[in-house]
Amino acid sequence: MAAETHDIVILGGGPAGAAAAATAARAGLRTLLIDKARFPRDKLCGGLFTGRARDEYRRIFGRDLDPALFSERRAIAFHLGPTPMGRMDDVPPMYLTMRRPLDAHLLALAGEAGATLRTGTRVVQIDLAASRLVLEDGTAVAYRVLVGADGVTSAVARALFGRPFDPATIGFALEKEMPPVSDPETLATVRVDFGVADWGYGWSFPKPGSTTVGVGGLQARNPDMKARMRAYAERLDQGDAEGMKGHFLPFGDYRRRPGRGNVLLAGDAAGFVDPITGEGIAHALGSGRLAAEAAARAIREGRAEEAAGLYRAATAEIRLSLAIARVLRPIVFSETMAPLFARRFAGSSRVKQAYMRMLAGEIGYPTLLALVAWRLPRAIWRSWRGGAPGPAQNRA
Ligand SMILES: Cc1cc2nc3c(=O)[nH]c(=O)nc-3n(C[C@H](O)[C@H](O)[C@H](O)COP(=O)(O)OP(=O)(O)OC[C@H]3O[C@@H](n4cnc5c(N)ncnc54)[C@H](O)[C@@H]3O)c2cc1C
């Protein structure tokens with residue numbers, strides 16, 4: 001059977017796929033996006049949309065955030081076990097959203113940009129050698145560049161590398177939508193709890209219609225994640241954890257080579273998720289855009305086979321920020337360093353401010369690393385000398 005032909009085929013219609021499809025269509029590529037789900041569909045996610053995600057959204061879709069989809073929050077509170085580690089008001093804006101309407105919105109924007117959307121369709125065969133896919137209805141689809149934006153269990157990553165992720169390093173998270181809160185201060189505050197999971201944390205994101213409560217971290221370190229989620233729900237006292245749902249998330253293990261030849265991986269499929277916060281939407285949007293830009297250039301220059309090389313160079317900044325976060329991560333989570341982190345860094349309003357500015361896209365991870373590297377030896381020295389202050393204290 002003759003195959004229908006597209007310049008670029010994008011597998012997956014989450015943030016990475018929608019960003020890739022909108023960018024590719026705008027660049028004039030014949031663009032097909034395929035998703036096995038019909039939209040709107042659920043995606044387990046806290047729905048915390050950072051300033052850097054907002055900046056990517058504006059850049060890709062050329063518009064501001066729709067207030068009907070996003071609630072702005074300017075306050076965040078950190079806890080360690082039962083102990084408050086400090087609340088920050090007036091941090092750079094964060095936005096809370098629900099993925100069901102958000103992803104449907106992003107996909108609609110990709111369609112408006114000119115991408116052909118085929119949802120509710122499974123791909124049954126990926127033939128990398130022939131640059132061809134076969135859909136469940138038997139349709140053969142040929143591509144010049146393929147983008148795997150099909151999430152953490154990516155079929156494209158499996159076709160390229162044999163498996164989508166390493167079970168030894170993958171993250172896992174549980175979540176449940178709890179009733180909304182009425183107390184105005186709680187409703188205005190994003191809450192993060194360290195110590196709830198090993199090499200991970202808990203979160204409570206208060207939205208107008210519900211409160212998204214979750215616990216996540218390295219799967220190998222948390223075989224008892226369900227019990228941890230139950231205990232966390234009990235502590236928050238916002239509802240029980242029955243009916244919680246789980247999902248893998250990349251948590252530190254990203255692809256140094258996010259593709260090969262004319263096949264590129266974007267978003268979770270490439271492991272582009274922050275290994276400290278678990279934030280993935282910003283990198284999904286950013287890498288989706290970069291994948292489409294690399295594809296457009298490679299096709300324009302008649303060298304589609306080199307798209308992965310162009311894309312790898314383009315994602316250097318994302319990969320550097322993930323590499324730095326991996327360096328910083330043991331300070332936050334390891335058994336030896338975490339108590340010091342709680343006493344010194346979480347107690348430092350300057351470091352916390354810098355972290356929030358990094359999430360807002362105002363500074364990069366390299367600046368944050370420089371700040372922490374400067375303070376770390378002094379903190380270790382003071383801690384070694386004794387007299388470490390309590391976790392709730394704040395100092396600049
Ligand atoms: C519990 C949890 C909480 C999180 N909270 C946050 C948060 O608050 N903020 C944040 O920034 N990040 C968060 N993340 C991470 C974030 O959800 C992901 O990084 C983000 O969704 C990645 O987007 P994506 O487009 O790469 O993949 P996805 O959003 O997973 O989209 C992949 C799409 O591919 C489709 N697909 C899969 N396989 C196929 C196939 N074979 N054929 C066709 N289509 C296919 C799926 O149906 C899906 O629509 C969280 C993750 C988890 C698990």
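First listed ligand is number 1; within each ligand, the first listed atom is number 1. Since we're looking at a predicted model, the values are computed, not measured.
In this structure, Lys226 contributes its side chain and Ala241 its backbone to no donor-acceptor pair below 3.5 Å. Remark: the backbone N or O of Glu177 is not paired with any side-chain donor or acceptor of Thr212 at under 3.5 angstrom. Looking only at distances, a side-chain donor or acceptor of Arg235 sits under 3.5 Å from a matching main-chain atom of Gly81.
Distances below 4.0 Å separate heavy atoms of Asp268 from the following atoms of ligand 1: 18 (C), 19 (O), 20 (C), 22 (C), 26 (O). Near Phe205, the atoms of ligand 1 lying under 4.0 angstrom from a non-hydrogen atom of the residue are 8 (O). Set against the non-hydrogen atoms of Leu48, the atoms of ligand 1 under 4.0 Å away are 7 (C), 8 (O), 9 (N), 10 (C), 11 (O). Each of the atoms 49 (O) of ligand 1 lies under 4.0 Å from some heavy atom of Phe39. Under a 4.0 Å criterion applied to the non-hydrogen atoms of Gly151, ligand 1 contributes the atoms 27 (O), 30 (O), 32 (C).
The proximity of Pro15 to ligand 1, defined as any non-hydrogen pair under 4.0 Å, involves the side chain as well as the backbone. When non-hydrogen atoms are compared, ligand 1 lies under 4.0 Å from the backbone of Lys36 as well as from its side chain. At a heavy-atom distance under 4.0 Å, only side-chain atoms of Arg99, from C-beta outward, approach ligand 1.
Criterion: ILVMFWY side-chain heavy atoms under 4.5 Å apart, direct or through other members. Under it, Met85 and Leu328 are part of a common hydrophobic cluster.
Using the six-membered ring where Trp is involved, Phe333 and Trp199 have ring planes that are tilted, between 30° and 60° apart.
Protein heavy atom nearest atom 52 (C) of ligand 1, with residue, atom name and distance: Leu44 O, 3.6 Å. Residue, atom and distance of the protein heavy atom nearest to atom 41 (N) of ligand 1 are Ala155 CB, 4.1 Å. Atom 12 (N) of ligand 1 has as its closest protein heavy atom Gly280 N, 3.0 Å. The nearest heavy-atom contact from the protein to atom 15 (C) of ligand 1 is Gly278 O, 3.6 Å. Regarding atom 6 (C) of ligand 1, its nearest protein heavy-atom neighbour is Cys45 SG, 3.3 Å. The shortest contact between atom 1 (C) of ligand 1 and any protein heavy atom is with Ala173 CB, 3.4 Å.
Seen from the ring of Phe161, Arg257 does not count as a face-on cation partner, given the 6.0 Å and 45° thresholds.
Taking CG of Asp42 as the start and CG of Asp103 as the end, the distance is 10.0 Å to the nearest 0.5 Å.
Using a cutoff of 4.0 Å between basic side-chain nitrogens and carboxylate oxygens, Asp64 and Arg58 are scored as salt-bridged.
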